[in-house]
Amino acid sequence: MQTEKLVFSSLFKKEELASEKIELANINDFVKYLDITENALNRFNKVYAELDKLKPTIISDGDSYISLLEKSMDTSNELFTKFKEIGLNWIETPEYKRFKALMTKGDRGTIQTMVARVKNL
């Protein structure tokens, strides 16, 4: 009876050791992911600090673009009227097409949203 307890006790210990090896492998993976995660946080903090420095410039440049775009829109509307008065089509000119492409690429609503988000940071 004593021997039987000793055998079962030994078997239990071997099973326990195998389980500990698996746990050690998991810990090594965890440490690896922890290192990667820590590096990601460091990169994020570095970039975020740069964003904080750029924030005033982003807001200023965005607001300036919106103001200039509005002036361009007003001028385009004036030209449309003047061209129409003399029987020409402003919309067919290369200048208008360039302006239209700029309005598409730098959509006013998108820029305004981006500036607002930066202001709220």
As an exercise, state the distance from [atom1] of [X] to [atom2] of [Y], rounded to the nearest 0.5 Å.
| X | Y | atom1 | atom2 | result |
| --- | --- | --- | --- | --- |
| Lys84 | Asn89 | NZ | CG | 10.0 Å |
| Leu68 | Thr75 | CG | OG1 | 10.5 Å |
| Arg43 | Glu38 | CZ | CD | 11.5 Å |
| Ile91 | Leu79 | CD1 | CG | 12.0 Å |
| Leu54 | Asp61 | CG | CG | 10.0 Å |
| Glu95 | Ser72 | CD | OG | 13.0 Å |

Self-check item: Within the 6.0 Å centroid threshold, strictly below: Trp90 and Phe80
Solution: no
Quiz prompt | Lys32/Ile36 under side-chain contact (heavy atoms from CB on, under 4.5 Å): CA gap, chis, key distance, verdict | solution = CA-CA 6 Å; Lys32 180 176 71 173; Ile36 292 169; 4.2 Å; yes
[X] and [Y]: which non-hydrogen atoms are nearest, and at how many Å?
| X | Y | answer |
| --- | --- | --- |
| Arg108 | Leu69 | CB-CD2, 3.7 Å |
| Leu51 | Ile58 | CD1-CD1, 4.0 Å |
| Thr93 | Phe83 | CG2-CE2, 3.6 Å |
| Ile111 | Tyr65 | CG1-CE2, 3.8 Å |

Quiz prompt | Side-chain touch Thr113/Arg117, heavy atoms, less than 4.5 angstrom | solution = yes
Quiz item: Does the pair Glu50/Lys53 count as a salt bridge with the N-to-O cut at 4.0 Å?
Solution: yes
Practice problem: Output all residues satisfying side-chain hydrogen bond (donor to acceptor under 3.5 Å, both in side chains) with Asn77, sequence neighbours left out; order by chain, then residue number. | Solution: none
Within the supplied structure, the quantity of interest is the number of heavy atoms (other residues, nucleotides, ligands) at a distance under 6.0 Å from [X] [atom1]; does it exceed 12?
| X | atom1 | result |
| --- | --- | --- |
| Lys97 | NZ | yes |
| Lys55 | NZ | yes |
| Met114 | CE | no |

Quiz item: What's the verdict on side-chain contact (heavy atoms from CB on, under 4.5 Å) for Leu41 and Lys46, showing C-alpha distance, side-chain angles and the deciding distance?
Solution: CA-CA 9 Å; Leu41 176 61; Lys46 182 179 178 185; over 6 Å; no
